[in-house]
2 protein chains.
Amino acid sequence: MTRFTEYDCSGGCPVEAALEQIGGKWKGVTLFHLLDGVKRFNELQRDVGGVTQRMLTKQLRELEAAGLIHREVYPVVPPKVEYSLTEKGESLRPILMALKDWGEEHVLATA
Amino acid sequence: MTRFTEYDCSGGCPVEAALEQIGGKWKGVTLFHLLDGVKRFNELQRDVGGVTQRMLTKQLRELEAAGLIHREVYPVVPPKVEYSLTEKGESLRPILMALKDWGEEHVLATA
DNA sequence: CGGAATCCCAAGCGATACTG
DNA sequence: CAGTATCGCTTGGGATTCCG
């Protein structure tokens, strides 16, 4: 059995670090919906459901700062901004899918 | 390609639900260290690193309420309490390991 | 040893209104 | 359309002290 006690985690636990990047209230869901492909702001807001503009903007900026998503602005009128996953963000796909499956089975299933 | 847009997520997104259960600042790390096996309070506090008693207690209670861990109290003096993963908690192992790997590779690796 | 109780601050988060 | 600005509530989280 692998022992994790050696993982001191003091100030640099990989699990904690990972959760920090997807830990916001809407970050996980946002990333999840971006697995779908490129989406615009309003599309995301619809998909995520219940998130306010302010929060979605904030979370998107943080995800962008973390290098998980890419923000492409088209200088047209009306404004058009597209969000997509970076490679780093795409690498979260198996984790996000696992979280979805786990959530379905162990949380929502009321079982 | 699977489209997730159908996932309205309004009030019940599985990803969000899953993240809520492991979303506390120390919950992920705590669970991670419990993958190791049964541990006592002080042992956990040492392993997690930097967490205060109050917070560890709180997170443990929440994890217990979520059915992820089991709390076994031995009525002896000095007090002895052991924490372990339930089946539901154990089912998070692949996810926690995936988070650890991802964190090591994409966050801590400074790459 | 393993908490519980209290106090307090900072961050997270939401509603609303306004703008290029 | 895609934000920004402002305000204020609510929560999370830390330090400290006390208890069985």
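These numbers come from the heavy atoms of this one structure, side chains and all, not from hydrogens, waters or symmetry mates. Predicted model, so just to flag it, every value in this text is computed and none were measured. Throughout, a chain's letter reflects where its sequence line sits, starting with A, and its residues are numbered from 1.
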Distance in angstrom units between A/M55 CE and D/dT10 C1', rounded: 13 Å
Could you tell me whether the side chain of A/E43 and the main chain of A/R40 form a donor-acceptor pair under 3.5 Å? yes
Could you state the NZ-C1' distance from B/K25 to C/dA11, rounded to the nearest angstrom? 11 Å
Relative to the 5' end of DNA chain C, which residue comes earlier, B/F41 or A/E62, by the nucleotide with the nearest heavy atom? B/F41
With nearest nucleotides of DNA chain D determined for B/Q59 and A/R40 from heavy-atom distances, which residue corresponds to the more 5′ nucleotide? A/R40
Pairwise distance OG1(A/T57) to CD(A/E64) - rounded to 0.5 angstrom: 11.5 Å
Nearest-Å distance for atom pair CG/C1', residues A/L56 and D/dC1: 13 Å
In whole angstroms, the gap separating P of D/dA2 from CD of A/Q45 amounts to 10 Å
Could you check whether any side-chain N or O of B/Q21 sits under 3.5 Å from a backbone N or O of B/L63, counting only pairs where one atom can act as donor and the other as acceptor? no
Distance-only donor-acceptor hits, side chain of residues 65-85 of chain B, under 3.5 Å, sequence neighbours excluded:
unit_1, atom_1, unit_2, atom_2, d
B/H70, NE2, B/E72, OE1, 2.8
B/R71, NE, B/Y83, OH, 3.2
B/Y74, OH, B/E82, OE1, 2.9

Within less than 4.0 Å of OP1 or OP2 of D/dG3, is there a side-chain N or O belonging to A/R71? yes
B/L60 CG to B/Q53 CD distance, which is reported to the nearest 0.5 Å: 11.5 Å
Short side-chain to backbone donor-acceptor contact, A/Q45 and A/N42, under 3.5 Å: no
To the nearest 0.5 Å, what is the distance between CG on B/L92 and CE on B/M97? 13.0 Å
Whole Å only: how far is the CG atom of B/L60 from the P atom of C/dA4? 10 Å
Of all the choices, C/dG2, C/dG14, C/dA4, which nucleotide is nearest to the side chain of B/T57 once you look at every atom? C/dA4
Measure CG/A/L19 against P/D/dG12 and give the value in whole Å, please. 16 Å
For the helix from C/dC1-D/dG20 to C/dG20-D/dC1, figure out the bend between the end axes, five pairs an end, and round to 10 degrees. 50°
Presence of A/K58 side-chain N/O under 4.0 Å of C/dG14 phosphate oxygens OP1/OP2: no
Does B/Y83 place a side-chain N or O at less than 4.0 Å from the phosphate oxygens OP1/OP2 of C/dG3? yes
Using atom names, set out every protein N or O paired with an N or O of nucleotides 15-20 of chain D below 3.5 Å, distance rounded to 0.1 Å.
unit_1, atom_1, unit_2, atom_2, d
D/dA15, N6, B/R54, NE, 3.2

What is the separation between atom CZ on A/R46 and atom P on D/dA2, rounded to the nearest whole Å? 10 Å
Point-to-point distance, once rounded to the nearest 0.5 Å, from CG of B/L19 to NZ of A/K25: 12.5 Å
Rounded to the nearest 0.5 Å, what separation is found between the SG atom of A/C13 and the NZ atom of B/K100? 9.5 Å
Rounded interatomic separation in angstrom, taking CH2 from B/W26 and P from D/dG13: 9 Å
